[in-house]
Amino acid sequence: MWLAGMAVNSTSQLFKSLLVTSELIDGQNRGRLASSSLYDICTRVHDCILKSGMDQNPYVANKLMRVYIRCGKVQDARHVFDKLVKKNVFNWTTMIGGYAEHGRPADAIEVYNQMRQEGGRPNEVTYLSILKACACPVGLKWGKEIHAHISHGGFRSDVPVQTALVNMYAKSGSIKDARLVFDEMAERNVITWNVMIGGLAQHGFGQEAFSLFLQMQEEGFVPDSTTYLSILTATACSSAGALGWVKEVHRHAVKAGFDSDMRVCNALVHVYSKSGSVDDARLVFEGMLDRDVISWSAMIGGLAQNGCGHEAFSLFLKMQREGVIPNVTTYVSILTASASAGALEWVKQVHNHARKAGLGSDFRVCNALVHMYAKSGSIDDARLVFDQMSVRNVFTWNAMIGGLAQHGCGQEAFSLFLRMRREGVVPDAITYMSILNASASTGALGWVKEVHRQAVQAGLDSDVRVGNALVHMYCKTGSISDARLMFDGMVERDVITWTAMISGLAQNECGQEAFSLFLQMQREGFIPVATTYASILNVCTSTGLAMVEEI
DNA sequence: CTAGGGTTAG
């Protein structure tokens, strides 16, 4: 407000106000002012600029655009940009960068193409900005074109530009192209390695990410905290076999002194939990000197998902005693616990906390509550939350329908399934899987056939989870021929598919057929699980000992 | 004078 009251009429004063404004936003003062009041100041300065005719000065216009973009008002920046008759490379780059920052690749590309049409020459910074805009799945087709421009424009040996290319390909889903560009680079820096490692990790190539991590050190590069964060990216490490190299990365991090870096430790807690070693996660967590809400949420989520719901809850209470306020993620994390006896008690308490924190009607929290209440045995509480929700998506419906199915309320699940469709929500594979399970309680073959027909119509019958449920349900409703038809027609089968078919056959007195399928599954490389053996052993007890010996 | 490649929870 102090600025709003200032008399801004001379050119020098105008510059001063603009620079002060932009420094407020760009500099260390960022965050001290609400963005609404920044925007207010910005529009006032803009008015003055217009009055003085300085709006055609590319330098002034650029400063103004930056400030608008930082306020989140890209449209206002575009307005300044469009009014600018003579644009320099800074104006073009700022506009493209503004769209990039706000995740608008199509608009960025539009400006970039306009620039080229009007004879503007992109420089390395322009390419960095446009590549950042294209670093998303929809950006790939444009990113490829820009790659060609860059190669022709003589930026082949520019490390930042080439790194941005690697990043663009990785983020837009074309990890192979990312690797191609990376391998062709004659010169790299730590950021280049981080981008490549992070890209591989995010695509689930944990092993490759790890070997690059070793290779970068052989070539004399020192990993920084970003390297550790990139390699520890959650998705890459969620697979079972990952634990070994997570421990290896951890050892490196300790040796390099990053075991006191909170962000690195947070990532370690998360990754250890994901790879199933909640003990290692706990060790890291307990060794931390500082913990933020992410540390607590990661540990709580890790415990919850690894069957330690009670401990997750007591940690949830402890974090609050230590003055850390849970956020939506904390609530969602704790509420995606695996089911365990006595969970309902603490779920209700978490629900209460959420209500008191004003998150009781948060969409994500409610989804998790419906899911968790159903899982921990209180279908009524699940329904209560479900009914009071004003917005529901397919996850909400799935949680409720699946919960009802598991509680043997097939009739109710089915009517909810019909209502979901009336309300225009499109069922996915999980919905069909749940509704098929609901048929178990009614034992009606007619339902299974009807749901099967609809799944075919929706093109979801080729989903292995839906197929498994169909095989299972056909067996359960006694139609072994339909089950076999489904089984034989499946394009993809997993160990659950085989086990469902084998146990269906076993239970329907087709011991011989069950046994030959049991042998066939192993010939095709599937390893039987406990349930598979249990089913096949049932057959053996009824048909004689010859088969048992073979097993 | 101005634009700037990578960054942890779900």
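So you know, we letter chains A, B, ... as the sequences are listed, proteins then strands, and number each from 1.
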Looking for any heavy atom pair under 4.0 Å, which part of the strands does K171(A) touch: base, sugar-phosphate only, or nothing?
sugar-phosphate

Is it the case that T93(A) and S129(A) place a side-chain donor and acceptor less than 3.5 Å from each other?
no

R364(A) to Y331(A) six-membered ring, cation-pi geometry met (6.0 Å, 45°)
no

Of the listed dG4(B), dG5(B), dT8(B), the closest approach to the A164(A) side chain comes from dG5(B)

Indicate, with a heavy-atom threshold strictly under 4.0 Å, whether T329(A) touches base, sugar-phosphate, or nothing.
base

Side chain of N123(A) (C-beta onward), nearest among dA3(B), dG5(B), dC1(B)
dA3(B)

How close or far is atom P of dT2(B) from atom CE of M54(A), stated in whole angstroms?
16 Å

Are H353(A) and F316(A) close enough that their ring centres sit under 6.0 Å apart?
yes

Selection from dG5(B), dG4(B), dA3(B) that lies nearest to any side-chain heavy atom of R70(A):
dG4(B)

Roughly, in whole Å, what's the span from CE in M372(A) to C1' in dG10(B)?
16 Å

Taking atom C1' of dG4(B) as reference, at what distance in whole Å does atom OH of Y127(A) sit?
15 Å

What nucleic acid atoms does V195(A) come within less than 4.0 Å of, heavy atoms only: base, sugar-phosphate, or nothing?
sugar-phosphate

Should K132(A) be listed as having a side-chain N or O under 4.0 Å from OP1 or OP2 of dG5(B)?
yes

Looking at the side chain of R66(A), which of dA3(B), dG5(B), dC1(B) is the nearest nucleotide?
dA3(B)

Reckon N91(A) touches a base, only the sugar-phosphate, or nothing at all at heavy-atom distances under 4.0 Å?
nothing

Counting only side-chain N and O atoms of R188(A), is one of them less than 4.0 Å from OP1 or OP2 of dG6(B)?
no

Proximity to the side chain of V125(A) - top-ranked nucleotide from dG10(B), dC1(B), dG4(B):
dG4(B)

Distance check needed: dG10(B) P versus N306(A) CG, whole Å only.
12 Å

Give me the ring orientation class for F81(A) and W92(A): parallel if the planes are under 30° apart, tilted from 30 to 60°, perpendicular past 60°.
perpendicular

Name the closest nucleotide to the I294(A) side chain, picking from dG5(B), dT8(B), dG4(B).
dT8(B)

For the pair F258(A) and Y228(A), name the ring-plane relationship: parallel under 30°, tilted 30 to 60°, perpendicular over 60°.
tilted

Looking for any heavy atom pair under 4.0 Å, which part of the strands does V293(A) touch: base, sugar-phosphate only, or nothing?
nothing

Length of the line joining R364(A):CZ and dA9(B):C1', which is rounded to integer Å:
13 Å

Once you round it to whole Å, what is the distance between P of dT2(B) and CZ of F90(A)?
8 Å

So is R188(A) actually on top of F221(A)'s ring, under 6.0 Å and inside 45° of the axis?
no

Shortest side-chain distance from S333(A), nucleotide among dG4(B), dT8(B), dG10(B):
dG10(B)

When you measure from the side-chain N and O atoms of H270(A) to the phosphate of dT8(B), is any distance below 4.0 Å, counting only OP1 and OP2?
no

When you measure from the side chain of N194(A), which nucleotide among dA3(B), dG6(B), dT8(B) comes out closest?
dG6(B)

Rounded off to whole Å, could you give me the CD1-to-P distance for the I231(A) and dG6(B) pair?
19 Å

Cation over ring face, K176(A) and Y169(A), 6.0 Å, 45°:
no

Just how far, in rounded Å, is C1' of dG6(B) from CG of D224(A)?
9 Å

If you look at every strand shown and take non-hydrogen atoms under 4.0 Å, does N167(A) touch a base, only sugar-phosphate, or nothing?
sugar-phosphate

If you only use heavy atoms from C-beta on, which nucleotide in dT8(B), dA9(B), dT2(B) is closest to the side chain of K63(A)?
dT2(B)

Quick note, N62(A) side chain, CB onward, closest among dG10(B), dA3(B), dT8(B) is dA3(B)

